[in-house]
J.: 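Structure below; questions to follow.
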Number of protein chains: 2
Amino acid sequence: MPKISGSRRPGIKDVAASAGVSIKTVSRVVNAEEAVHPETRARVLHAIQVLGYVPNTAARSLKSGTGGAIGVVIDTLADPFFAALVSAIETRALTEGLSVLVASSNLDAAQEREQLLSLVAGHQVAGVIFAPVAPEQPYLDPYRAVTPVVAVDRSRAGYDSIVVDDYGATVLAVQQFVDLGHERIAFFDRDERFSTIERRMSGYLDVLRDAGLPFDPELVSETIDGSLDYRSEADRLLALDRPATAFFASNAKAAIGLTAALHRTHRQDTAMIAFGDFSFADVVRPGVSCIDQDPFLIGNAAIERLLALRESPSGEPREWIVPTALLQRGSGEIAAPLPARATASASGAAPASGAAPASASTTTTRGDAR
Amino acid sequence: MPKISGSRRPGIKDVAASAGVSIKTVSRVVNAEEAVHPETRARVLHAIQVLGYVPNTAARSLKSGTGGAIGVVIDTLADPFFAALVSAIETRALTEGLSVLVASSNLDAAQEREQLLSLVAGHQVAGVIFAPVAPEQPYLDPYRAVTPVVAVDRSRAGYDSIVVDDYGATVLAVQQFVDLGHERIAFFDRDERFSTIERRMSGYLDVLRDAGLPFDPELVSETIDGSLDYRSEADRLLALDRPATAFFASNAKAAIGLTAALHRTHRQDTAMIAFGDFSFADVVRPGVSCIDQDPFLIGNAAIERLLALRESPSGEPREWIVPTALLQRGSGEIAAPLPARATASASGAAPASGAAPASASTTTTRGDAR
DNA sequence: CCACACGGCGACAACGTTGTCAAGTGGTCG
DNA sequence: CGACCACTTGACAACGTTGTCGCCGTGTGG
């Protein structure tokens, strides 16, 4: 159907000629402006159809100074959490007629800077959503008057930030362990590079303190220089004089490694709650209880916020907290082996008495596909 | 450091003024052209530094007719396979100074068309990589002279296509079942909408034929109208008069569903091979043997092909086959329950004798993270 | 000493689109 | 009947960059 005259792509001029109007009128039709006679509009639309005309984004954004794409910078698309997040953004962007430019920072501050500048200054995107790496992004300041920016997953002062309640969710989870009589609760995979994980860490510490349980550094596994052998670390924690009886896995990757380690040694008696859901969590026995951090919710919140910022500059940037859910699947409800001292209030065997918001829907299909 | 004069973003003119040269000279420096005096170049570079100048992509691509981004259209980023594929593309693109525009088709032909046209005609991308949905994309023809196009995952005549050897890999897997004495081999989740799955289906059929085994339609699970209840379907296959003893899962999603179903009923005796790896395949017991279809390899091959096409138009488009590996993890090496008739050659219990290329590295961390 | 080549650089147009402004037409009101 | 208004349309400049062409000055060979 579309016929390209000569070898050039059809431009607004070709449409204008074909419809017998001026290019300005074509522009008006394309942009759905009011003041066009219905009959003229029909002629123009017909010409557009016939020629297969598509407006040139480059020229448009050159003229207007800001283009029809939004930029997204995340750690890496290879992480299904971020992939799902971008997917949510892309879906919503489509309904606004916006395209999505993705770039990854690979957790490198220099690359983050390069990518952000390329998007904001080079591509003149209509907005940016990014998962911050460096503590500050001062180089964005000159552009922020024109380009709205939203931070996701990790909070940044000065930016509207979409995050989950790391602290609160962790408190809930660890408190559940305490309520079940656990006194040796491991924090599996602390990584000081991530502020989110540090917030989870302080939730953990606060619950211990409030419960009157001593803090034992031996119960904390740390990622040093970006690496931690989950398997041997799990073995270590279980081989302590007073071994860990409950594990709080601070992120999904650690949770997967931990689950694998426990399964290799057939330990089905250790309690575990993971921060972040993962695909097989409800397949293994016992099912792995997870704090569900829904990437689609986060992505949606981020783009909605960005679109709102495009409309009106809005006031002070603030944090927007996306709710989490504690998916009870079994592993989080395992009670401590022996009541030891007389400590906690409740200490049954079945599902926990205390905390934990309801939240059913354990069987959402998410994660792996294909 | 960067100082924006007034409120405008610095343009080539500002740099030129600051360095005391003409805009053309700045352009020459930015584009690393030869004919510039070293000293002048230094002055210009310094001015660029000071002003924080970043070339405007829109103007550039308007002038040159083709921009600094490549377009990628895939089913959805929520699918970790495609997410990883895009990640590989993005990584390589970065080294070429290209950005990546992602768009999803959601397996809808109309949306595919819209997205592709937006990328090719609207954004004037430097190239397109897409996972084809509709049988044909004739609307791309007018642009193909200017914009190279590569198909991934699913083959399309007329386009360079990057695919895996669906047929061959399936033959290998099913043959392994036959060698182990299985006579009731299920094809789990046929979906006629996907040509890749149809190719796997014909591999399945051919092995049966060559082995002299009858084809039983009852052993084929079909996705109808896009849905299939994996759990009840698995139950059905296991409850047949002559139940299935081996499962070929035609895709990772089905494999996950199937694995979950088998685990719920504690069936550890059924053989299974999945087309497509998934994160927990080596955690469950028995480990799920998989045909590994590496998204990074595929993505890399696709972008390399695209970059090559940019250099030279090249001759006839062809199919490029990316190798797969059969990861032996246990479930694929389970022999048939009773030797039944005297059929196959080998029929031991331990790892298969026949087919299956070596392929170690079962423990690659892929899939879920975070 | 002159013609010419060449390295280095700048003026200007053009890419496709939209904003500004003005012009044309027909109708309405005083 | 004339002035004014609403509505529709078009001419033109401008967005920031690069390609074309030509200019200038210096050196080189005849």
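Protein chains get the first letters and strands the later ones, always in sequence-line order, with residue 1 at the start of each. Since this is a predicted model, take the numbers as computed values, not measurements.
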J.: Figure out the CG/C1' separation between B/L62 and D/dG19, and round it to whole Å.
T.: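 Result: 13 Å.
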J.: Tell me the interatomic distance from A/E33, atom CD, to C/dC21, atom P, rounded to whole angstroms.
T.: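 So the two atoms are 15 Å apart, to the nearest Å.
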J.: Is there a donor and acceptor pair closer than 3.5 Å between the side chain of A/R28 and the base of D/dG10?
T.: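 Per atom types, the contact qualifies.
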J.: Could you check whether A/T40 gets within reach of a base, just the sugar-phosphate, or nothing at all, counting any heavy atom under 4.0 Å?
T.: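 Sugar-phosphate, no base atom in range.
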J.: Ring of B/Y139, cation from B/R113 - is the NZ or CZ under 6.0 Å from the centre and inside 45° of the axis?
T.: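 Yes, a cation-pi geometry.
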J.: Should A/N31 be listed as having a side-chain N or O under 4.0 Å from OP1 or OP2 of C/dT18?
T.: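 Yes, within the criterion.
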J.: Find which nucleotide of DNA chain D each of A/V36 and B/R60 is nearest to by heavy atoms, and output the residue with the more 5' nucleotide.
T.: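 With A/V36 and B/R60 compared, the 5'-side residue is A/V36.
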J.: Can you check whether B/V86 reaches B/L77 side chain to side chain, under 4.5 Å on heavy atoms?
T.: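 B/V86 vs B/L77: side chains touch.
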J.: How would you label the contact of B/T25 with the nucleic acid (heavy atoms, under 4.0 Å): base, sugar-phosphate, or nothing?
T.: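 Since only primed, P, OP1 and OP2 atoms lie under 4.0 Å of B/T25, the category is sugar-phosphate.
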J.: Taking atom C1' of C/dT17 as reference, at what distance in whole Å does atom CG of A/D14 sit?
T.: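 Spelled out: CG on A/D14 to C1' on C/dT17 is 13 Å.
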J.: Whole angstrom is fine here: how far is it from CD in A/E34 over to C1' in D/dT8?
T.: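 One finds 13 Å between C1' of D/dT8 and CD of A/E34, rounded.
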J.: What's the NZ-C1' distance between B/K24 and C/dG7, to the nearest Å?
T.: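 Interatomic distance, NZ of B/K24 to C1' of C/dG7: 16 Å.
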J.: Please tell me if the side chains of A/Y143 and A/V146 come closer than 4.5 Å, counting only heavy atoms from C-beta onward.
T.: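 Sidechains of A/V146 and A/Y143: no contact.
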J.: Starting at the 5' end of DNA chain C and moving along, which residue's nearest nucleotide shows up first, A/A58 or B/S22?
T.: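 Nearer the 5' end of the strand: B/S22.
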J.: A/S64 near the nucleic acid: base, sugar-phosphate alone, or nothing, with a heavy-atom cut-off under 4.0 Å?
T.: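 A/S64: no heavy atom of the nucleic acid under 4.0 Å.
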J.: Of the nucleotides D/dT18, C/dC9, C/dT17, which one has an atom closest to the side chain of B/H37?
T.: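 The listed nucleotide nearest to B/H37's side chain is C/dC9.
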J.: How many angstroms lie between atom NE2 of B/H37 and atom CZ of B/R41, to the nearest 0.5 angstrom?
T.: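 Answer rounded to 0.5 Å: 10.5 Å.
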J.: Starting at CD1 of A/I48 and ending at P of C/dT17, how long is that distance when rounded to a whole Å?
T.: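 Whole-Å distance recorded here is 10 Å.
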J.: Side chain of A/S27 only, please: which of D/dT9, C/dG16, C/dT18 is the nearest?
T.: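 Given the options D/dT9, C/dG16, C/dT18, the side chain of A/S27 is closest to C/dT18.
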J.: Cation-pi check for A/Y159 against A/R318: NZ or CZ below 6.0 Å from the six-membered ring centre and within 45 degrees of the axis, yes or no?
T.: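 Judged by the rule, A/R318 and A/Y159 form no cation-pi pair.
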J.: What is the distance from CD1 of B/I23 to P of D/dC21, rounded to the nearest Å?
T.: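 To the nearest whole Å, that distance equals 18 Å.
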J.: Round to a whole Å and report the spacing from NE2 of A/H123 to P of D/dG16.
T.: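 One finds 17 Å between P of D/dG16 and NE2 of A/H123, rounded.
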J.: Which nucleotide in the list C/dC9, D/dT18, C/dT17 gets nearest to the side chain of A/A59?
T.: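 Selected nucleotide: C/dT17.
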J.: Just to be sure I understand the rule, does A/V30 reach a base, reach only the sugar-phosphate, or reach nothing, if contact means heavy atoms closer than 4.0 Å?
T.: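 Counting heavy atoms under 4.0 Å across all strands, no contact is made by A/V30.
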